There are 2 protein chains.
Amino acid sequence: MLSMKAKYALKALIHMAQTDRPMLPSKQIAEAADIPQKFLDNILQELRQNGIVDSKRGIFGGYFLAKDARSIILGDIIRIIDGPLAPIRCASLTAYQKCEDCRDEAACQLRHLMLDVRNAMSGVLDQRCLQDLVTDPSLTAA
Amino acid sequence: MLSMKAKYALKALIHMAQTDRPMLPSKQIAEAADIPQKFLDNILQELRQNGIVDSKRGIFGGYFLAKDARSIILGDIIRIIDGPLAPIRCASLTAYQKCEDCRDEAACQLRHLMLDVRNAMSGVLDQRCLQDLVTDPSLTAA
DNA sequence: TTAAAACATACTCATTGAGTGTAGATTTTA
DNA sequence: TAAAATCTACACTCAATGAGTATGTTTTAA
């Protein structure tokens, strides 16, 4: 399940990618995207610490995308906020971890299955960038 | 993320599908698959109530698959234990629910994206049955 | 110097996850 | 018919997570 936090992060980033303004204060983003402001502050902090957005302090400060919306990968946003895509850690490429109780990982059918699920998810989320959520009107058409 | 509960459910069902015995007491399943027994009892209850397994009481009782391993769909097992596959309810086919804050669902890029993710997951999980986890030695090869 | 913004830390509070415990019901066989 | 082994139901614990809030500090430009 996608957390509210990740959902808000994506909504906020979409809004930021859509605006023509050079930067937006979190308050404006919160109002426009219908997100509790203080919670959004936390989220924007995390995104900033991970190089997705950048900020300028002081009056007339605010947040802006740290790089082009074409190089912001949707899978990465979700990983930053919610952690690995894979349904189980032993099937994660970016955050692999062995199962406590696993006897023979190579033979584990569950792991194989979940690797397939992970790859299917990655196929969608790591092939799309933030810009795709702004311009492309019918993602499902392709 | 797959819960421990769902992982245990799958491990238990794989074990049941692999045995040649007509039925197995939960204690044996728990030992063989390394699952806390009382927790497994809860899980088997849920699976029974959803027609995946059936049980016989008394001495020499136990649990057995309620239908052929070929007609037990992996996606359904996960839905029973962990709920819908979709990362967000508005993108679920089996448990659809509108977002509180959604203005125009048809235009919501987030929903489109998550529908694609859901379909990708379903493509793996709803196309495979319990039997696939028993016999097929290399799921990823295909 | 002051208003508006980002930034940091810590806190609440309900829900979920991961189990355990106890008691009771059912069935077979000795 | 009673013991033994099992299923079944319900309630309970206990820690972690999710979803925010609150308070205060620092920065910046007018």
Side-chain angles (χ1 to χ4, degrees), chain A residues 1-12 16 21-66 78 80-84 87-89 99-101, chain B residues 1-12 16 21-31 33-50 52-66 78 80-84 87-89 99-101:
Chain A
M1 262 297 204
L2 198 73
S3 69
M4 280 291 143
K5 202 168 173 180
K7 182 180 157 185
Y8 289 156
L10 288 165
K11 281 179 75 173
M16 292 170 77
R21 311 271 285 285
M23 79 176 62
L24 292 171
S26 75
K27 193 177 174 188
Q28 274 188 35
I29 302 171
E31 278 166 10
D34 203 8
I35 303 171
Q37 201 207 319
K38 293 300 292 177
F39 197 26
L40 178 60
D41 282 349
N42 293 348
I43 294 165
L44 289 170
Q45 254 355 270
E46 255 180 278
L47 292 175
R48 186 181 61 85
Q49 281 153 15
N50 284 279
I52 304 295
V53 305
D54 205 346
S55 63
K56 186 164 162 31
R57 289 178 151 208
I59 195 169
F60 303 129
Y63 290 93
F64 50 95
L65 297 183
I78 292 179
I80 289 167
I81 304 295
D82 277 354
I88 196 167
R89 290 297 289 273
C99 282
E100 291 286 317
D101 56 335
Chain B
M1 264 296 204
L2 196 75
S3 69
M4 279 293 144
K5 201 168 172 180
K7 181 179 156 186
Y8 288 157
L10 288 165
K11 280 178 76 172
M16 292 169 77
R21 314 267 287 284
M23 78 177 60
L24 291 171
S26 75
K27 193 178 174 188
Q28 273 187 34
I29 302 172
E31 280 166 10
D34 203 7
I35 304 169
Q37 201 207 317
K38 292 299 294 177
F39 197 24
L40 177 60
D41 281 350
N42 292 348
I43 294 165
L44 289 170
Q45 252 356 269
E46 255 180 279
L47 292 175
R48 188 182 60 85
Q49 280 154 17
N50 285 277
I52 305 294
V53 303
D54 206 347
S55 64
K56 187 162 160 29
R57 293 177 149 207
I59 195 171
F60 303 130
Y63 289 92
F64 50 95
L65 298 182
I78 292 178
I80 289 167
I81 304 293
D82 278 353
I88 196 168
R89 291 297 288 271
C99 283
E100 292 286 315
D101 56 334

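Order of the sequence lines fixes the chain letters, A, B, ..., with proteins taken first and strands second; residue numbering starts at 1 for each chain. Computation of the quantities below employed the complete heavy-atom set of this structure, encompassing side-chain atoms and omitting hydrogens, waters and symmetry-equivalent molecules. It should be emphasised that the depicted structure is a prediction, and the values quoted were computed from it without experimental measurement.
- The side chain of B/F39 sits closest to C/dT20 out of C/dT20, D/dA9, D/dT8.
- With hydrogens and angles left out, the side chain of B/K38 and the base of C/dT22 share a donor-acceptor pair within 3.5 Å.
- Between A/S26 and C/dA6 there is a side-chain N or O to OP1 or OP2 distance below 4.0 Å.
- Nearest to the side chain of B/N42, among C/dT20, C/dT28, C/dA8, sits C/dT20.
- Counting all heavy atoms, side chain and backbone alike, B/L44 lies closest to B/V53 at O-CG2, 3.7 Å.
- Nearest nucleotide to the side chain of B/I59, out of D/dT8, D/dA29, C/dT28: C/dT28.
- Side-chain atoms of A/D82 come within 3.5 Å of backbone N or O of A/S3 as a donor-acceptor pair.
- Closest contact between the side chain of A/S55 and the listed nucleotides D/dA19, C/dG19, C/dC7 involves C/dC7.
- Nucleotide C/dG19 holds its C1' atom 15 Å from the CG atom of B/D34, rounded to whole Å.
- Here the nucleotide nearest the side chain of B/Y8, chosen from C/dG19, D/dG20, D/dT8, is C/dG19.
- For B/Q49 and D/dC7, the CD to P distance is 15 Å, given to the nearest whole Å.
- The residue B/K27 sits apart from the nucleic acid: no heavy atom pair falls under 4.0 Å.
- The separation between B/D41 atom CG and D/dA11 atom P is 18 Å, rounded to whole Å.
- Without hydrogens or angle criteria, A/N50 side chain to A/E46 main chain gives a donor-acceptor distance under 3.5 Å.
- When the shell of 6.0 Å around CD of A/E100 is examined, it contains 12 or fewer heavy atoms from other residues, nucleotides or ligands.
- Whole-Å rounding puts the B/F64 CZ to D/dT6 P distance at 16 Å.
- In this entry the distance linking CZ of B/R48 with C1' of C/dT26 reads 13 Å, nearest Å.
- Toward the 5′ end of DNA chain D lies the nearest nucleotide of B/R57, the other residue of the pair A/Q37 and B/R57 mapping further downstream.
- Going from atom CG of A/L44 over to atom C1' of D/dG20 covers 15 Å, rounded to whole Å.
- Separation of atoms CE (B/M23) and CZ (B/F64) is listed at 5.0 Å; rounding is to 0.5 Å.
- The shortest side-chain heavy-atom distance between B/N42 and B/K38 does not fall under the 4.5 Å cut-off.
- In this entry the distance linking CD1 of A/I43 with C1' of C/dA6 reads 16 Å, nearest Å.
- The B/M4 side chain lies nearest to C/dA18 when the options are C/dA8, C/dA18, D/dT21.
- Side-chain N/O atoms of A/K56 include one lying less than 4.0 angstrom from OP1 or OP2 on D/dA29.
- Between B/M23 atom CE and C/dT28 atom P the separation is 10 Å, expressed in whole Å.
- For B/Q45, the listed nucleotide lying nearest its side chain is D/dT8; candidates were C/dA8, D/dT8, D/dT27.
- Contacts of A/F60 with the nucleic acid, taken as non-hydrogen atoms under 4.0 Å apart, involve only primed sugar atoms and P, OP1 or OP2.
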